[in-house]
Structure formats: structure tokens, C-alpha cells
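Only a predicted model underlies this, so the values are computations on that prediction, with no experimental measurement involved. Lettering of chains follows the sequences in order, A, B, ..., and the numbering in each one begins at 1.
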Number of protein chains: 2
Amino acid sequence: MRPGGRSARIRALVLAAVRADLVEHGYDSLTIDTIADRSGVHRTTVYRRWRDVGGLLADVLTEATADIWQPPDTGTLEGDLSAINREIYTALTADPPITTALIAASFRSPDAARALQAFWSDRYARCRPVVDHAVARAEIPADTDPHRLLIAATAPLYHQLVLLRAPASPELPDQAAHDAAVAATAGAFTSSSTSPRRSA
Amino acid sequence: MRPGGRSARIRALVLAAVRADLVEHGYDSLTIDTIADRSGVHRTTVYRRWRDVGGLLADVLTEATADIWQPPDTGTLEGDLSAINREIYTALTADPPITTALIAASFRSPDAARALQAFWSDRYARCRPVVDHAVARAEIPADTDPHRLLIAATAPLYHQLVLLRAPASPELPDQAAHDAAVAATAGAFTSSSTSPRRSA
DNA sequence: ATCCTAACGCTACAGTCGTCGTGATAGGAG
DNA sequence: CTCCTATCACGACGACTGTAGCGTTAGGAT
């Protein structure tokens, strides 16, 4: 019943319908009813298994996410961060906007929120070697906080494209990567450099 | 009819109902019907004037936003950025979460999206003197891009609290401010320091 | 004081969402 | 091969959305 049986077939049908509808009509028209009609699976079945549109997108993400992903290794911190940011930039400006759709859905669907959280958590963890290599090359201090550096490098991209809805400009990824690399080189993300400060 | 008349009274009634319902039941249960019942204003009237929930939240924001807002002036760049970030942190962790609700709504309502965009655009523009003062004090290079610096300082907050949904930790604002200030001091956000780089 | 018009109230409607109870069926276990 | 159960199909339901038409009213203008 589980692996090769009816359930698996239904799931494949539904997820295929989601992807197909996503490329044709985008995220806004993505409704449970549409997917049910398109896949030939009944409404209530889709509701029972996926709860809402967010659940559907979450399942599409987890299915599409290759967990073989490896961070870049260009030889310099800035190069690595640039490569990461270009990948994010591509995902956020892609068509169909699956990532953006999932982000939008995450505000209404706990399933989508969890899937996104898990995805990002995994990716940031996998990027940690980028920082380690930079430390090994003595580009940045040894006590640099990897997570904080990676957040600083990538956050401007998300902020500009997702929240501020700024027009996509191709130099954005490299700029953010450069700025974060300079900051790290100057010793910004070290635990020692932030706690003693307690200005008014 | 306009300023002190019926329209203004209706608007006050509805917006008060929105705020009240927001503090009691949060964003999820915020529906047009609820607001109509609560305010005593008819459904169709609410739909006509505000279109959807996003329109309501947008109006609440514009009404609540004092356009007398001034950026901090603590005497140092890091101090100013910290003050700004603490304000953002407070807004994003506030209860009721009006800002978060508006961000969520902005993905479904053009009105909410526009209101947010206008709000942020205004705030970032008003923060520009912070960077100018830092330049005047010779803390950072004169060709520092103000917008880029401000984005870098504030983006990690939004990213962590809104998208990554990380647990709120009070040192976040100061950390991000510190890191951005160090980056700016090291000459990160200058136009000259990013264009020549074109590494593999 | 009287008109005039913008704004509101009301009813009705079609569409979507999400859930529930009931019956049918596929496919694994014995 | 037969049973047993998880899963699906079906129909119906209440709630919310968003719109349209039409009557009503408040309040500014002359």
C-alpha cells in the first residue's frame, strides 16, 4: 500500500499537477480544487493528505530538493559567497517562482513554514565549510561565527527581493557577498567584538 | 463629508475594530465579516472602501505611522544603527504583531504590498542622515552607499525573525548593527570596492 | 431651509475553502 | 484465496470572499 501502491501513485499525480499548474498559471491561481480537477484525484483526498496549498508546495519542495547539494569552493571567501548568492538570486527571480510562492504560503500554512525552515536550516548548515575554509586560509579570524556571517551575506538578497520588492538587479548577489566578506575580514562576526560594546 | 463627517466616523469605527480584533484573536482570524460585525459597519461598505484584509491593515499602518519620525543621533554610526535595529526588533516581536501581519498580507494584497513598500522606502530615506553624519565624522568613506549600508544593517533582523523564524534573541539588533558598522568602516559599501572585483 | 450627491445599508448571488459522514476499493496479511 | 484495513470517492454542509443592483441617508453647497 505504501511504497509502490495506490498512495504513491496518487501522490505522484497530485504533485505533477501542482508543478504543471505552477508553470502555467503561477502561484495565485494555485487552488486545491484546480489541482484536484487536474490530477483526477478527489478534493477531499487532497485536503486530507496535504491540508492546504502550503502543504502541497512543501511536498513539492522536499521532493525536488536534492540532498546531495554541496557548497561552492572557489578558493576565496568572497568567491564562495558570490556563488551562493547567485544561486539564491536565481531561485528568487526564477519563473515559475516556486521559492517565492513557498515563502508566501509559509505565512498561512504551518506545513509550508516548517518545510522552508527545514530547507534553510539544512542549507545554512551545509554552507558552514565555506567559512571554515576561509578560516583555514587565514582570510578571517578563527572565532568568526559561521551562521552570523552567512546570514549577513545572504539576508540583503532576501530582504531586497522578497520584502522590499526591489527590481532585480544582477549586481546584487556580488555586492552583498563582497560587503559580507569585507566585514568578515575586518573581524566583524566574532563573539569578542560585539559583547563588550554597550553604548547608549 | 470628508474630514469630520460620516466617512471619517466609519473609518475610525472600522480601524478600531481591526486593532481590537488583532489584539484579541491575532491575524489569522482577521476577516472582513468579523470586522463588519464588530464595527457595526456593513460588509459591503468595508469591501468597497478597503477591498480586502490587506487594505485594512495597510490603512491601519498608514494611520499609525507618525510621519514625524526622525532617525536617532547617538554620536556614532554603530550607536545609531543599534537604535534603529532595536526599533525594528521591537516592531517585529510586538504583540499584536501588526508588522508581521502586514508582511503576511502583502503577499496576497496589492494594497498591503504598496503600503509596506511606501513605509519602508520612507523610513530608509529618513535614515540617510545617519550615514551622512558618519561620513562627516570620518568614520566611514565618503563614497559609502547609504542605502546599501542601511540594508546590510537591517536585513539580518528581518531575515532571522520573519523568514527564518528564529527565536527572538535580544542581542540580534546590536550584533547586526555592529557587523554593518565594522563593514562600513572597512570600506565595504563603496562603489569603487565592488566593481573591479570579478573573480571566478 | 432646500437641494444634490457621495457614501452607506441591504439583499442576493456565485465562487472557493475546509470539514464531515458514509460508502467503495485497493492491496497487503493470513 | 479470503479477509481486513488504510485509503480514496462522493455528496453535503457552513463559513468566508467578492460583486452587483437598488434603495436610503448624511452632510456639504447654494
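For the atom pair CG of A:Asp21 and CG of A:Leu30, the computed distance is 5.5 Å after rounding to the nearest 0.5 Å. Atom NE2 of residue B:His147 and atom CG of residue B:Leu149 lie 11.0 Å apart, to the nearest 0.5 angstrom. In this structure, B:Leu81 CG and B:Ile88 CD1 are separated by 9.5 Å, a value rounded to the nearest 0.5 Å.
Residues passing the ring pair (Phe, Tyr, Trp, His ring centres under 6.0 Å) test with B:Tyr47: none are found, sequence neighbours excluded.
Against DNA chain D, the stretch residues 11-25 of chain B makes no heavy-atom approach under 4.0 Å.
By the 30° and 60° cut-offs, the orientation of the rings of A:His159 relative to B:Tyr158 is parallel.
Not one side-chain nitrogen or oxygen of A:Arg49 sits closer than 4.0 Å to the OP1 or OP2 atom of D:dT7. Here A:His42 does not reach the OP1 or OP2 of D:dC8: none of its side-chain N or O atoms lies under 4.0 Å away.
In this structure, the side chains of A:Val18 and A:Arg38 stay at 4.5 Å or more apart for every pair of heavy atoms. Side chains of A:Asp73 and A:Asp80 form a contact here, defined as non-hydrogen atoms less than 4.5 Å apart.
Geometrically, B:Arg126 does not engage B:Trp69 in a cation-pi contact defined by less than 6.0 Å to the ring centre and at most 45° from the axis.
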Scan the side chains in residues 90-101 of chain A for donor-acceptor partners under 3.5 Å anywhere in the protein, sequence neighbours excluded, and list what turns up.
{"unit_1": "A:Thr90", "atom_1": "OG1", "unit_2": "A:Arg86", "atom_2": "O", "d": "2.8"}
{"unit_1": "A:Thr93", "atom_1": "OG1", "unit_2": "A:Tyr89", "atom_2": "O", "d": "2.7"}

Without placing hydrogens or testing angles, list every side-chain donor-acceptor pair under 3.5 Å for residues 102-109 of chain B, not counting sequence neighbours.
{"unit_1": "B:Ser106", "atom_1": "OG", "unit_2": "A:Arg165", "atom_2": "NH2", "d": "3.0"}
{"unit_1": "B:Ser106", "atom_1": "OG", "unit_2": "B:Ile103", "atom_2": "O", "d": "2.6"}
{"unit_1": "B:Ser109", "atom_1": "OG", "unit_2": "B:Asp52", "atom_2": "OD1", "d": "3.3"}
{"unit_1": "B:Ser109", "atom_1": "OG", "unit_2": "B:Asp111", "atom_2": "N", "d": "3.3"}
{"unit_1": "B:Ser109", "atom_1": "OG", "unit_2": "B:Ala112", "atom_2": "N", "d": "3.1"}

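One interatomic measurement links the two molecules: CD1 of A:Ile35 to P of C:dG18, which rounds to 13 Å at whole-angstrom precision. Straight-line distance from the CZ atom of B:Arg9 to the P atom of C:dA6: 19 Å, rounded to whole Å.
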Under 4.0 Å protein heavy-atom contact, by nucleotide of nucleotides 15-22 of chain D - B base, S sugar-phosphate only: -SBBBBB-

Atom pairs, protein N/O to nucleotides 23-25 of chain C N/O, distance under 3.5 Å:
{"unit_1": "C:dT25", "atom_1": "O2", "unit_2": "A:Arg6", "atom_2": "NH2", "d": "3.3"}

